[in-house]
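Everything below concerns the one structure shown next.
Scope of the values below: all heavy atoms of this structure, side chains included, with no hydrogens, waters or symmetry mates. In what follows, chains are A, B, ... by sequence order, proteins preceding strands, each numbered from 1. None of the values given here were measured: they were computed from a predicted structure.
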Amino acid sequence: MRKIDLVHYYESIAQWMLPHLKNRPVSLVRAPTGITGQLFFQKHPESKMPAMKELDPALWPEHAALLAVDSVEALVSAAQMNVVEFHTWNSKIARINQPDRFVLDLDPGEGVTWPMLQEAAELTRVMLSELGLESWLKTSGGKGLHVVVPITPKLGFDEVKAFSQAVVKHMARVIPSKFVAVMGSKNRVGKIFIDYLRNGHGQTTACAFSARSRPGMGVSMPVAWDQLRELKGGAQWTIATAREYLSFQKEDPWSGYWKKRQAITRAIKLLA
DNA sequence: GGCTGCT
DNA sequence: AGCAGCCAACGCAGT
DNA sequence: ACTGCG
Ligand SMILES: [Mn+2]
Ligand SMILES: [Mn+2]
């Protein structure tokens with residue numbers, strides 16, 4: 001895959017991706033010698049990234065300024081600077097310490113089949129639904145799936161993260177054959193780790209429409225829940241195929257996500 | 001890939 | 001002008 | 001104190 005293919009990909013999907021990047025700090029995964037070479041992670045601006053926005057350093061005291069991408073130009077110029085992946089915070093600049101969503105990142109352990117992951121995602125949706133929370137699904141662009149839960153920004157990162165951990169612990173307790181709540185790959189074999197650790201302050205998850213720096217260059221694609229059973233994998237869409245797929249989509253499968261207002265306060269009590 | 005400093 | 005070397009995050013979880 | 005992790 002050539003750099004120009006990546007640049008063209010981001011240019012072509014910018015209209016869909018920019019709403020997901022808007023007003024959020026972003027971290028970058030860069031691949032100056034290609035995705036088979038050494039990658040590095042970048043959180044702070046460097047002198048020559050003209051179109052990218054440098055955020056107020058006060059957003060994260062004791063650290064250098066964070067970055068944001070708020071235009072097609074910034075997205076394309078980043079790709080020209082070998083940025084492959086864009087990872088976003090779960091809060092927006094206006095309420096930087098109050099996340100407006102949390103993510104359950106379904107990470108399959110060794111030996112987990114795709115149908116098992118599909119079933120796990122459906123179980124996650126049902127669990128959240130029983131807690132009164134509506135969620136949205138996207139492919140990760142890698143091996144797994146991301147379940148995203150928008151919330152009204154009110155509680156802090158520690159509380160939201162603790163709640164997300166409680167959800168995962170509950171699922172691992174009810175269905176221990178399928179889920180684990182701890183990260184280590186050791187007892188993850190044949191099971192799915194639901195990574196709640198993405199929900200801490202300053203933590204990030206691959207943004208919707210971000211490419212991934214893996215062979216094949218999958219992309220994170222938002223889908224409707226009723227597409228889950230026909231999905232073929234976490235990297236079903238790639239930088240080579242996403243544009244054509246999107247050209248046939250009439251409706252945003254996440255149209256409800258943008259307007260959703262829901263709180264986790266009741267769900268916290270239900271789980272306690 | 002951009003920047004700095006050395007030759 | 002050309003080139004070599006260096007740089008580009010961070011904190012939590014678990015042991 | 002140390003490593004693995006994303
Ligand atoms: Mn994942
Ligand atoms: Mn993960």
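For A:K3, the NZ atom is densely surrounded, since the number of other residues' heavy atoms within 6.0 Å is greater than 12.
In this structure, A:E85 atom CD and D:dG6 atom C1' are separated by 10 Å, rounded to whole Å. Straight-line distance from the NE2 atom of A:H146 to the P atom of D:dG6: 11 Å, rounded to whole Å.
For the 3.5 Å distance criterion, the side chains of A:D252 and A:W258 qualify, holding a donor opposite an acceptor. Between the side chains of A:K138 and A:S220, a donor-acceptor pair is found at a separation under 3.5 Å. With no hydrogens or angles considered, no side-chain donor-acceptor pair links A:Q42 and A:H44 at under 3.5 Å.
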Restricting to nitrogen or oxygen on both sides, can you table the protein-nucleotides 12-15 of chain C pairs closer than 3.5 Å?
{"unit_1": "C:dC12", "atom_1": "O3'", "unit_2": "A:K161", "atom_2": "NZ", "d": "3.1"}
{"unit_1": "C:dA13", "atom_1": "OP1", "unit_2": "A:K161", "atom_2": "NZ", "d": "3.1"}

Pick out the pairs of N or O atoms, protein on one side and nucleotides 2-8 of chain C on the other, that lie under 3.5 Å.
none

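Within residues 87-106 of chain A, no residue is approached by DNA chain C to less than 4.0 Å at the level of any non-hydrogen atom.
For A:R2, the side chain to side chain donor-acceptor pair (under 3.5 Å) partners at least two apart in sequence or on another chain are A:D5. For A:F193, the ring-ring contact (aromatic ring centres under 6.0 Å, His included) test picks out no residue, with sequence neighbours left out.
Counting only residues at least two apart or on different chains, the salt bridge (Lys or Arg N to Asp or Glu O under 4.0 Å) pairs with a member in residues 189-203 of chain A are A:D195-A:R198.
Comparing B:dT4 with C:dA8, their P atoms sit 13 Å apart, to the nearest whole Å.
Residue A:H63 places at least one side-chain N or O closer than 4.0 Å to OP1 or OP2 of C:dC10.
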